[in-house]
Structure formats: C-alpha cells, structure tokens
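First up is the structure itself, then whatever we jot down about it.
Chain naming here is simple, since letters A, B, ... match the order of the sequence lines and numbering starts at 1 in each.
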Amino acid sequence: KDTFEGHQVLRIVPKNDVQLSLIKELEKMIEFELDIWMGVTDAFSPVDIRVPSHTLHSFKSYLENFNINYSTMIENLQEMLDREQEEMDSAAR
Amino acid sequence: VGQPRNTDSFDYARYHPINEIYSFQDMLVAENPNMVSKLVIGQSYEGRPLNVLKFSTGGTNRPAIWIDTGIHSREWVTQASGIWFAKKIVKDYGSDPALTAILDNMDIFLEIVTNPDGYYFTHTSNRMWRKTRKPNPGSSCIGVDPNRNWDAGFGGPGASSSPCSETYRGPRAHSEPEVKAIVDFVKSHGNIKAFISIHSYSQMLLYPYGYTTTPVKDQAELHQLAQKAISDLTSLYGTRYKYGSIINTIYQASGGTIDWTYNQGVKYSYTFELRDTGLYGFLLPANQIIPTAQETWLALMAIMDHTHKNPY
C-alpha cells in the first residue's frame with residue numbers, strides 16, 4: 001500500500017499575474033514530483049499542491065525565492081489518511 | 001456483521017468500499033422493482049461491471065437525465081453523494097411534486113462508480129489515485145485521465161501526452177472502456193437531454209466548452225440556469241460556488257466529458273466541483289458527505305426541473 005508519510009499539501013494563492021505564470025510553470029517541473037490537487041485559475045484563487053516529503057524542502061525554497069506565499073493545508077498527509085481509515089473501520093464495526 | 005440489511009439502515013454518512021456500493025445498488029433495485037433497475041453498460045479494464053441505476057416510472061426511451069459521480073476515483077465525496085442521490089430519488093418520488101413530475105415524464109440514469117478500478121485502487125493501494133488502471137504500453141506509468149479522453153478537442157492544449165501525467169489523455173479518444181461505455185450508451189439511447197458529471201473539489205458549476213474559447217450557442221441559457229442552480233445550492237448552508245464555462249472559469253481542458261456530450265446535442269451539459277472546506281481537499285471528512293449531497297441535490301433539482309420544463 002502506498003503511504004504518504006511527511007507529504008504536505010500546500011495552498012498557494014498567487015497575488016498577481018507574474019506569480020500566476022510562475023505557479024503555472026510548476027506544473028511542468030517534474031523534479032518536484034508534485035500532485036496538483038487544485039490547479040491554477042486566476043490571481044487570488046488558491047492552488048493546492050501535494051508535495052512529497054523528499055522534495056518539500058527544495059520546493060518551499062523555490063516558492064520563497066520568488067516571494068510566493070503559501071500556507072500548509074495538510075501537515076502530514078499520512079496522519080490524515082490513517083485517521084480516515086480508522087474512522088471507516090470503526091463506522092463499519 | 002455490520003452489513004446493512006436494507007437501504008434504510010445503510011450508513012450514508014461514511015465512505016464505503018466498492019463491494020458495499022455494489023450491494024447498496026442491488027438492495028435499492030430489490031426494494032424498488034417498479035422504479036429502479038440496474039443496467040450494466042460495460043466492463044472496466046480490470047473487468048468490473050459499469051453499473052448504472054435507471055430510475056423510471058414507465059414508458060419507452062423517455063427523454064432522460066444522466067448523472068455520473070466518481071470518474072476521478074480519489075474524489076470520494078462524489079461517489080458518496082451519488083449513493084445519497086439514489087436513495088433521495090426513491091424517497092422523494094410521490095412526495096416532492098417537482099421530482100415526481102420529472103420522473104413521470106423522464107428517466108434518470110445514475111452511474112455512482114464511474115471509474116471502479118480506480119476507486120478499488122484508492123481503497124486498497126493508493127488513496128490518491130485519480131486515473132483509470134489500464135497499463136500504457138512502453139511506459140511504467142498506469143492509467144489515463146478519463147476526463148481528458150473524450151472526442152472533443154482531443155489532444156489539444158489542457159491535457160497531457162505523457163502517460164505519467166495526472167492529466168494524460170490516453171492514446172486515442174475513447175480508448176478507456178469506462179469512457180467508451182458511456183459514449184456508446186449516450187449514442188444508443190439517443191434521447192439524453194441533460195448530462196451532469198460530478199467531481200470535487202473547488203465549488204464550481206461549469207458548462208462547455210473547456211477546449212475552446214468559442215462560446216456554446218446556448219451559453220446565455222446555460223449561464224442563467226447555472227445561476228439559479230447555485231442560488232438554490234447556496235440557500236441551504238451558504239456554500240459559495242463559482243459558475244461559468246470551463247475555459248473561462250478554471251482553465252483550458254481538452255477532451256472533457258461535457259464538451260463531448262454538448263457536441264452530441266445534449267444541451268444541458270454541466271459538470272460540478274463539489275464542496276471544499278479549505279482544509280482537507282480530497283480527504284473531506286465523512287461528516288461532510290450528507291451536507292454536501294443535500295446542497296448539491298438542490299442544484300441538481302434546478303437543472304433537472306428546467307430540463308423537464310424546457311423540452312427541445
């Protein structure tokens with residue numbers, strides 16, 4: 001079973017068209033192994049991206065280099081998945 | 001142990017594995033033999049049945065409304081909402097005048113698990129799986145995005161040609177059996193008047209097109225109806241939605257489901273993106289299932305009612 005220990009989901013809100021195009025470029029940058037949960041639409045609309053733990057540091061540095069603000073929507077994805085599974089199991093019982 | 005004996009004791013406020021959804025469908029058919037039947041419109045790549053519930057009060061090849069949920073397997077709130085809609089239809093027929101009028105004149109088709117292989121995979125191996133499960137020759141990456149696999153601007157911008165991408169369009173239009181089954185069904189039925197494809201999560205109601213900026217010829221009517229549907233949806237819990245054409249509201253996406261259905265002549269073609277609390281993404285807690293389904297139902301009713309009252 002695939003696990004997602006340490007994966008984070010970051011929420012990025014582009015504040016102008018420059019940031020918008022920088023974030024659009026991210027979708028093509030395979031080295032970060034990003035999983036786009038909610039894609040780029042327009043400035044001020046959130047973009048949610050799952051980032052694996054092993055690229056998290058470099059990805060955050062990339063955002064910070066371009067002064068792109070982000071918040072952490074999900075701190076540790078696996079913890080949430082474990083909670084979801086526990087909830088399903090206990091409801092089934 | 002723990003298995004519901006009927007659809008009244010089914011737990012609508014939790015997520016269910018695929019075998020429980022199959023059992024739910026069979027129970028609903030058994031309990032409502034005069035209204036609900038199960039059609040198997042094809043098989044998934046891994047051989048699972050593509051079940052469609054047909055809600056009908058009689059007639060032959062009546063004008064019909066299609067609803068599908070779960071084409072992107074990880075969007076669990078959509079399959080869970082589909083289950084709730086199925087029960088809601090049988091519960092409200094005969095007591096809700098609008099739904100009763102619709103079902104007295106039209107059929108409703110509901111495909112709850114549109115991508116069964118993907119859904120099974122999300123429960124057993126990878127909760128984050130979105131695509132189908134067919135291998136791609138020459139690549140180690142599996143699956144196709146079934147919402148980029150339709151013959152509407154197929155291969156254009158807004159879909160990927162790389163099998164490893166989450167938006168991989170597939171080798172050719174309708175290459176995925178899960179997509180082809182719906183294509184064949186819509187064509188052979190020939191009397192589908194509304195087609196609603198349900199996704200999550202960014203709180204939007206969208207109409208065609210996604211592959212071109214050219215507006216559809218019914219844009220004014222579709223926009224007005226979207227406004228009414230969202231106003232009804234918002235009235236329940238205050239959930240705010242955006243609405244508009246796919247390309248203007250989100251981004252360019254080619255090979256999309258409702259672009260194809262619209263081009264086939266299904267005027268009322270819409271796609272939903274359900275509730276987003278801003279905290280969980282695809283992991284929407286199970287206690288959000290019923291509120292999500294309830295508010296979405298109001299919008300669905302607006303679209304179905306308009307379709308019924310505006311025959312074409």
Side-chain angles (χ1 to χ4, degrees), chain A residues 1-5 7-14 20-21 23-53 70-93, chain B residues 1-4 10-17 19-20 72 74-76 80 121-131 141 145 158 160 162 164-167 199-204 206 242 244 246-253 273 276-287 289:
Chain A
K1 193 161 188 169
D2 287 348
T3 56
F4 298 87
E5 197 57 57
H7 289 219
Q8 291 192 349
V9 180
L10 304 183
R11 172 159 280 197
I12 304 165
V13 182
L20 200 66
S21 51
I23 297 167
K24 261 185 197 157
E25 285 304 305
L26 288 174
E27 294 178 7
K28 297 174 199 154
M29 299 172 81
I30 52 171
E31 65 270 29
F32 290 128
E33 298 174 36
L34 303 175
D35 172 17
I36 312 289
W37 279 23
M38 192 150 71
V40 179
T41 53
D42 48 37
F44 304 108
S45 290
V47 178
D48 295 342
I49 302 177
R50 173 172 65 84
V51 191
S53 48
Y70 62 88
S71 58
T72 307
M73 182 169 132
I74 295 175
E75 187 73 38
N76 181 352
L77 184 60
Q78 190 55 44
E79 271 178 22
M80 280 189 63
L81 293 174
D82 292 344
R83 218 173 303 141
E84 183 183 65
Q85 190 60 50
E86 263 171 41
E87 208 179 290
M88 278 181 71
D89 293 345
S90 77
R93 278 197 298 275
Chain B
V1 174
Q3 291 300 309
F10 190 87
D11 188 353
Y12 295 89
R14 81 173 173 90
Y15 295 114
H16 295 268
N19 61 319
E20 292 179 12
H72 286 151
R74 66 187 178 182
E75 298 167 8
W76 277 10
F121 201 67
T122 61
H123 279 267
T124 54
S125 300
N126 181 340
R127 173 67 181 86
M128 291 298 114
W129 194 259
R130 158 193 166 99
K131 301 192 283 184
C141 295
D145 180 345
S160 174
S162 162
C164 295
S165 165
E166 291 290 351
T167 58
H199 293 244
S200 74
Y201 65 101
S202 41
Q203 293 180 196
M204 293 178 188
L206 307 167
K242 285 185 189 173
I246 297 169
I247 196 164
N248 288 331
T249 312
I250 39 174
Y251 37 68
Q252 187 167 27
E273 288 278 352
D276 163 28
T277 63
L279 296 170
Y280 305 101
F282 300 115
L283 305 179
L284 197 67
N287 65 12
I289 295 170

(request) Can you sort out the partners of B:F121 under ring-ring contact (aromatic ring centres under 6.0 Å, His included), two or more places apart, ordered by chain and number? (result)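 ring-ring contact (aromatic ring centres under 6.0 Å, His included) list for B:F121, sorted by chain: B:W129.
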(message) Restricting to ring-ring contact (aromatic ring centres under 6.0 Å, His included), what partner residues turn up for B:H199, sequence neighbours left out?
(response)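 B:H199 satisfies ring-ring contact (aromatic ring centres under 6.0 Å, His included) with B:H72 only.
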(request) Please list, in residue-number order, every residue in residues 32-41 of chain A that has a heavy atom less than 4.5 Å from any heavy atom of chain B; write 'none' if there are none. (result)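 Answer by number: A:D35, A:I36, A:W37, A:M38, A:G39, A:V40, A:T41.
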Roughly how far, to the nearest 0.5 Å, is the [atom2] atom of [Y] from the [atom1] atom of [X]?
{"X": "B:N126", "Y": "A:L81", "atom1": "CG", "atom2": "CG", "result": "9.0 Å"}
{"X": "A:M73", "Y": "B:D276", "atom1": "CE", "atom2": "CG", "result": "6.5 Å"}
{"X": "B:N248", "Y": "A:D42", "atom1": "CG", "atom2": "CG", "result": "10.5 Å"}
{"X": "B:C164", "Y": "A:I30", "atom1": "SG", "atom2": "CD1", "result": "8.5 Å"}
{"X": "A:K1", "Y": "B:T124", "atom1": "NZ", "atom2": "OG1", "result": "7.0 Å"}

(request) Could you give me the CA-CA distance, side-chain angles and deciding distance for A:H7 and B:M128, then say whether side chain to side chain contact (heavy atoms under 4.5 Å, CB included) is met? (result) CA-CA 12 Å; A:H7 289 219; B:M128 291 298 114; over 6 Å; no
(message) For B:Y12, I'd like to know if atom OH has over 12 heavy atoms of other residues, nucleotides or ligands within 6.0 Å.
(response)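 Counting neighbours around OH of B:Y12, more than 12 heavy atoms of other residues, nucleotides or ligands fall under 6.0 Å, so yes.
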Report yes if the side chains of [X] and [Y] come closer than 4.5 Å at any heavy-atom pair, otherwise no.
{"X": "A:V9", "Y": "B:F282", "answer": "no"}
{"X": "A:L77", "Y": "B:L283", "answer": "yes"}
{"X": "A:E87", "Y": "B:R14", "answer": "no"}

(request) Using the test side-chain contact (heavy atoms from CB on, under 4.5 Å), find all partners of A:S71 that sit at least two apart in sequence or belong to another chain. (result)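 Once residues adjacent in sequence are excluded, the partners of A:S71 under the side-chain contact (heavy atoms from CB on, under 4.5 Å) criterion are A:R11.
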(request) Identify which part of A:R83 has an atom lying under 4.5 Å from any heavy atom of chain B, answering side chain, backbone, both or neither. (result)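 A:R83 has no heavy atom closer than 4.5 Å to chain B.
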(message) Is A:S45 close to chain B through its backbone or its side chain, or both, or neither, when contacts mean heavy atoms under 4.5 Å?
(response)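 Interface part for A:S45: side chain.
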Contacting region of [X] [heavy-atom separation from chain A under 4.5 Å]:
{"X": "B:R74", "answer": "side chain"}
{"X": "B:S165", "answer": "neither"}
{"X": "B:L279", "answer": "backbone"}

(request) Against chain A, work out which of B:H123, B:E20, B:H16 has the most heavy-atom pairs shorter than 4.5 Å and name it. (result)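 Max contact count across the listed options: B:H123.
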